[in-house]
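Residue numbers count from 1 along this sequence.
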Amino acid sequence: MFLGTSSPRALSSPPSSSSHESWESMLPGPSSRNNFGSSDLSSHGLLAFPSGSSISIVDTRSMQLVSSFPIPPPPSAAAPFVTSIRWIPLPLNRHLLSSEPSSSHLLLAAGDRQGRIALLDFRLKAAILWFETDSKQGIQDLCWILARPDLFILASITGPSTLSLFNATTGRCVWKYDASPEYFSCIRRDPFDSRRICAIGLKGFLLSLLHLGDSEEGVVIKELQIRTDSSALLKLERDSAGGSSSATAPPASAAFPLYAARFIFSQHWRHILYIAFPRELIVFDLQYECVIFASTLPRGCGKFLDVLPDPSNEWIYCAHVDGKLSTWRRKPGEQVHIMYSMEELMPSIGTSVPSPSLLSVVLCQSDTTLQNIGKNYSDIPSSPYLHEDFDNPFDFCDGSQIISKIHLISISDDGKIWDWLLTAEGNADTQKDDKKLGLVKDDTMVSFAGGQELNVGRPLEHLNENRSRPPNSTFNEEISMKVSLVGQLQLLSSTVTMLAIPTPSLTATLARGGNYPAAAVPLVALGTQSGTIDVVDVSANAVTSSLSVHNGVVRGLRWLGNSRLVSFSYTQVNEKSGGYINKLVVTCLRSGLNKMFRVLQKPERAPIRALRTSSSGRYLLILFRDAPVEVWAMTKNPIMLRSLALPFTVLEWTLPTVPRPPKDQTSAASDEASKPSISSPDSNGSSAEGSQDDTSESFAFALVNGALGVFEVHGRRIRDFRPKWPSSSFVSSDGLVTAMAYRLPHVVMGDRMGNIRWWDVTTGHSSSFNTHREGIRRIKFSPFVPGDHSRGRVAVLFYDNTFSVFDLDSPDPLANSLLQPQFPGTLVLELDWLPLRTDKNDPLVLCIAGADGSFRLVDINVNDKRFGSAPQIRKTKERFRAMPICCPILLPSPHALALQMILQLGVKPSWFNTCSTTIKKRPHLIPGAPSPTGDLRTYMISIPLLGDAVVPEMLLKVLEPYRKEGCMLDDERAKLYASIVDKGCAARFAFAATVFGESSEALFWLQLPQALKHLINKLSTKPPSKEPTTGSVSVVDETSLLSRISSKGKPTEEMGSDASSQGQQRLMAFDQEELWKSASERISWHEKLEGEEAIQKRVHELVSVGNLEAAVSLLLSTPPESSYFYVNALRAVALSSAVSRSLHELAVKVVAANMVRADRSLSGTHLLCAVGRYQEACSQLQDAGCWDDAATLAATHLKGADYARVLQRWAGHVLHSEHNIWRALILYVAAGALQEALAALREAQLPDTAAMFILACREIRAEIVSDISITDDDDSSSSVNDKILNLQALDPVNEDVIAVDEYFGQYQRKLVHLCMDSHPSSE
């Protein structure tokens, strides 16, 4: 029931809360289909998802709620459902020398059901920009476009068919497209080109959009149609046709909640889309504009919900509406996918009936990048730090058989967030390099199997009857998939209907007997619509237990002391007889057992109306609708004492008695006869209060006729308390008493006319005022502690679901009231005070159950009634957490940059304070442990050669509070860092980039050693001798090249597996062999395509990879009536002359003499290839925008400086047009343009990265040069050796290098100043 551990900072904090700490927090209700299944996982590991009208942020590594907040509602309207959400793809801002640090990397865009779009800062929990939308049809989906480095465009699907583009700086709409009568379903961005997005429709319409970036409106679109079976959709349209016009038509997910079309770009192959219609999986080629694979779901399989590509392997995961997950693997050498497994994502054990629904699934992409880091450096001897600093007791798994691991997060509509680990394993005897994956991800967990072990190698033949089994044994038998549940977060399980807070009195004892008084506990019980009772620990803002008690709505809930709950629900037998079955249950929170009492054999005439429990938990009042009230003694076996046949309207037990204040603290208002004060002392009252038996308890009541009374219960006896009655004018006949609060000696009542009256039962003093609001539903006394200036503060809930706070001790309670300013647009169902105040400086905190299904804690500031509208970050009261949240991106930006720099420069793993370090290195287990003394620089593995040498020590001092808490790196990532910290700069830089969500930068650092090796190999190779070449012999070694190309151009099995094993690093391929293999494999996908346009593109692919014979054969197959006949004939004759004389003669015989038609744009490059002018052909392709084709052609035919020129021009395009600086840097390095790489980093204002780039290049160059032995003694060899040893761009005397060093020093000093000015804090 209680959280066993808490964060170290909470343990070390003083017991009393400071006045500036805020208790405010929120637990959201569960997500539903009204939220359109929206969710987004940032590269930092933060999951954002909507719940009703609120947004929640979850740390997926520790599975803890970080924050939850509502979107501001429209004026004078209820808050609409949030339907789409997207994190902004911005990295951590490192422009410290030109701008102030900001949290722009933690912004997210959200759209709602009323068509509004906001840019939100979840630290401020407020909108910083509202986009200028002009429709109220609702937002279906959102997607970011990076048009320029300084221009972000937000794309949105509004209503059923409108695609809009918004400037993210101004919020202005800059472009619109209407696709009616199509229903747009989702929109995604191309991972290879951040300027391109695609949108898919339910009927197969595909829109491709490229933002040129030269202006806001610079857009190029392409409209495509995919043939799919939409008969089910047409039937749904006919059934739902209700005369709604296009202006009011809802989005696709609102109109057809169980009919979805989703797609995703392949992360391995450019232009490839995986599209999932409800019962069909399609692979679509954007370049060829056609379907290259389609597979229909068999009967018995649920409809597709979403499709997710594995970032490191050639398979995809498909989520299904029925809660299952299918895995599809690609056959090597083909774009054919076969279903290999089907697993449950909604375990049937322990779930309610009906079972919950799966709403959304996302993959954790950062897992793959971490695996790549461990994999790339696993062949280097193990780090001594790995064995010296860690002793993980869970390292029992044999990682030698693991191929890959990736986490999948699923969200269900019962408030659960599931963390699944998908593991691909291979047989031990066939795995060659898998041992290096062992330290990538050793999950310290006791796994709960989400299903039986999968044999992915065994295809489900009945699911693909029209597909033959792949012949390769490796594809069939050697890989198995396991799906394990490794984490779960329980939020509120259903919409909250009831709220109960324990307020045990001093006479309350433990439930199992004894004379020890019951302590106040930080627990709140919430009854829900589904019949479950959620128990919330407010000190942790977490659900500690979710108990399934009732089958229907929980209609009443109360505490019995501090460890038991009593609740009720009822069901109507039938409408004719009107009988009811009332169900009363006592729930023990310690054991989780439910015990029913008052079980009757027959239905009753009246249902239960409410429950009221005494503060000791000994007595229970059961109120019925038009039936007598029953009084029960809540012993081990509850006993009914008697029934009271009086027409009660409301009853309330007295709250625990509070001590009287000294006479000198008496309120000045007590002397005013016209306004008798609640805090006025009275000698008779004191004697009456003192004479009351401590073991007796009393309750106040009001009758239908307005009469008031107080009864006292002592043992089994019930007697009249005989209070001193107020004057006769106090009772009003115009308002029925509807709410009451009772704390000896004061009774406060509210009626349906909005009047509030209060009465001292010992003196008879009374007073009243009118709130000028609707009827009053609840009145709650605020907690009182010694030193409070008032004991008459109450919270009042009105029938219009708003609330106010009044101080009845003030001369004019209405004038000094606190109205509800906190969340306009949100209705309040139930409220009560949090009874944990122990000091007068502690804030008053209200617990609120909102109509949006959420539970909130709200600070009530009684000293300042002016609520500012400007958002600001408030210091939140420290949460007690089961484990620290290790998400460095949540640190203040200067501190996050400091940690990034420390990770880059290299710190000994003993500096980290994690659970897996040895016993002697766990200072966070010793409260108040002193800071380490001495020079903190001893923690650094070396002193950096660039920048200020003193800065690392200062940064370590700044980070010391986080180190003590152990909240920087979790065990898994700390262990990976220990294994690579001494394996070179590039490894540390890649790790730091991954931790802070920069996967593209991490891939750049992983590829940098290969790029430099490529450059140095080119410099160390002697230039080829200038020999005359024969007419048909290419400059490239044609014999070796043609030997690897079959006449059909089909890739080999080995080639396919090599390309697949590269995973994400294929995004930054530059090597000639890699580019050629990738292009060759794509050729086989298009062999069966027909049509003139497809043939032209196939010829182009064959010429690019050097298979001229196959290209000539394809060209000569063109029929004479084709419009391409003459153009193809010309190219066939020219190309055949480059192959052989016999083929040339054959081509001349076939082709006619009349060639009059104009040529296509790509045909000129083919003629250039025919005469061996490959450099000019590459330039023409680049001018035409065919950058990938130019690179493939260069990789096939060019070497040395010619190939470098193509790479360098390609890098310029990637940098300035596609805005992918990391891929551009790799191409610059491979081309030998290190000067241009430094210039790109300087232009991007990345001084730290420029310095790290120089350090990494020097280190890698030294390693490579030490391995290269140049034996030739001639002049050319010595000059090449000089080039390798002294790369000009890395020379310390180079002006650019000196400038980088100075710029980096300025950056470090500014960072230190910012760190010193920022207070340590985290979410």
Just how far is it from atom [atom1] of [X] to atom [atom2] of [Y], taken to the nearest 0.5 Å?
| X | Y | atom1 | atom2 | value |
| --- | --- | --- | --- | --- |
| Ile411 | Ser56 | CD1 | OG | 9.0 Å |
| Met749 | Arg757 | CE | CZ | 7.5 Å |
| Leu620 | Phe568 | CG | CZ | 10.5 Å |
| Asp112 | Ile55 | CG | CD1 | 9.5 Å |
| Ser357 | Leu258 | OG | CG | 8.0 Å |
| Thr544 | Asp537 | OG1 | CG | 6.0 Å |

Below 30° counts as parallel, above 60° as perpendicular, anything between as tilted: where do the rings of Tyr619 and Trp653 land? parallel

Side-chain contact test, heavy atoms from C-beta onward, threshold under 4.5 Å: evaluate it for [X] versus [Y] and give yes or no.
| X | Y | value |
| --- | --- | --- |
| Leu655 | Ser615 | no |
| Ile533 | Leu526 | no |
| Leu857 | Met26 | no |
| Phe699 | Val713 | yes |
| Ser804 | Arg773 | yes |

Can you list everything that forms a ring pair (Phe, Tyr, Trp, His ring centres under 6.0 Å) with [X]? Sequence neighbours excluded, please.
| X | answer |
| --- | --- |
| Phe597 | Trp632 |
| Tyr259 | none |
| His550 | none |
| Phe69 | none |

Looking at every non-hydrogen atom in both residues, tell me the closest pair between [X] and [Y] and how far apart they are.
| X | Y | value |
| --- | --- | --- |
| Pro50 | Ser31 | O-OG, 2.5 Å |
| Leu547 | Leu589 | CD1-CD2, 3.7 Å |
| Ser782 | Arg743 | O-NH1, 2.9 Å |
| Trp559 | Ala500 | NE1-O, 2.9 Å |
| Asn755 | Ile776 | O-CD1, 3.5 Å |
| Leu708 | Ala702 | CD2-CB, 3.8 Å |

Is there a side chain to side chain contact (heavy atoms under 4.5 Å, CB included) between Leu611 and Leu621? Walk through the geometry before answering. CA-CA 6 Å; Leu611 300 178; Leu621 298 177; over 6 Å; no

For side chain to side chain contact (heavy atoms under 4.5 Å, CB included), just list the numbers for Asn541 and Leu65, CA-CA rounded to whole Å, side-chain angles, deciding distance to a tenth of an Å, and then say yes or no. CA-CA 8 Å; Asn541 194 35; Leu65 182 66; 3.9 Å; yes

Thr654/Glu697 under side chain to side chain donor-acceptor pair (under 3.5 Å): CA gap, chis, key distance, verdict: CA-CA 7 Å; Thr654 179; Glu697 297 181 84; over 6 Å; no

Pair [X]-[Y], side-chain donor/acceptor within less than 3.5 Å:
| X | Y | answer |
| --- | --- | --- |
| Lys595 | Asn637 | yes |
| Ser68 | Arg856 | no |
| Gln140 | Ser253 | yes |
| Lys416 | Gln490 | yes |
| Ser546 | Asp534 | yes |
| Glu630 | Ser643 | no |

Are the side chain of [X] and the backbone of [Y] linked by a donor-acceptor contact shorter than 3.5 Å?
| X | Y | value |
| --- | --- | --- |
| Asn594 | Cys588 | no |
| Arg564 | Met634 | yes |
| Asn35 | Val82 | yes |
| Thr497 | Val554 | yes |
| Arg642 | Arg717 | no |
| Asn582 | Ile608 | yes |
| Gln137 | Ala249 | yes |
| Ser539 | Pro522 | no |
| Asp413 | Ser32 | no |

Please lay out, stage by stage, how Arg33 and Leu359 fare under the test side chain to side chain contact (heavy atoms under 4.5 Å, CB included). CA-CA 7 Å; Arg33 296 202 186 277; Leu359 299 178; 3.9 Å; yes

Phe711 ring center within less than 6.0 Å of Phe701 ring center: yes

Report yes or no: is the cationic atom of Arg113 (NZ for Lys, CZ for Arg) under 6.0 Å from the centre of the six-membered ring of Phe81, at an angle within 45° of the ring normal? no

Between Tyr799 and Arg752, is there a cation-pi geometry (under 6.0 Å to ring centre, at most 45° from the normal)? no

The test is salt bridge (Lys or Arg N to Asp or Glu O under 4.0 Å); show your working for Arg778 and Glu830 and say whether it passes. CA-CA 8 Å; Arg778 294 279 186 275; Glu830 292 287 345; 3.0 Å; yes

Whether Lys303 and Asp322 form a salt bridge (side-chain N of Lys/Arg under 4.0 Å from carboxylate O of Asp/Glu) is what I want to check. no

Test of understanding: with side chain to side chain contact (heavy atoms under 4.5 Å, CB included), list the residues that count as partners of Ser530, not counting sequence neighbours. Ser493, Ser494, Thr528, Thr532

For a side chain to side chain donor-acceptor pair (under 3.5 Å) check, start with the C-alpha distance between Thr613 and Arg618, then their side-chain angles and the critical distance, and finish with the verdict. CA-CA 8 Å; Thr613 57; Arg618 293 176 176 178; over 6 Å; no

Could you walk me through whether Leu560 and Val586 pass side chain to side chain contact (heavy atoms under 4.5 Å, CB included), step by step? CA-CA 9 Å; Leu560 297 171; Val586 174; 4.2 Å; yes

With side chain to side chain donor-acceptor pair (under 3.5 Å) as the criterion, how do Ser569 and Arg555 come out once you've worked through the C-alpha distance, each side chain's angles and the decisive distance to 0.1 Å? CA-CA 5 Å; Ser569 63; Arg555 301 182 184 273; over 6 Å; no

Other residues, nucleotides, ligands: >12 heavy atoms within 6.0 Å of Asn551 CG: no

Applied to residues 603-617, the salt bridge (charged side-chain N to carboxylate O under 4.0 Å, His left out) test, sequence neighbours excluded, yields Arg598-Glu604, Arg612-Glu652

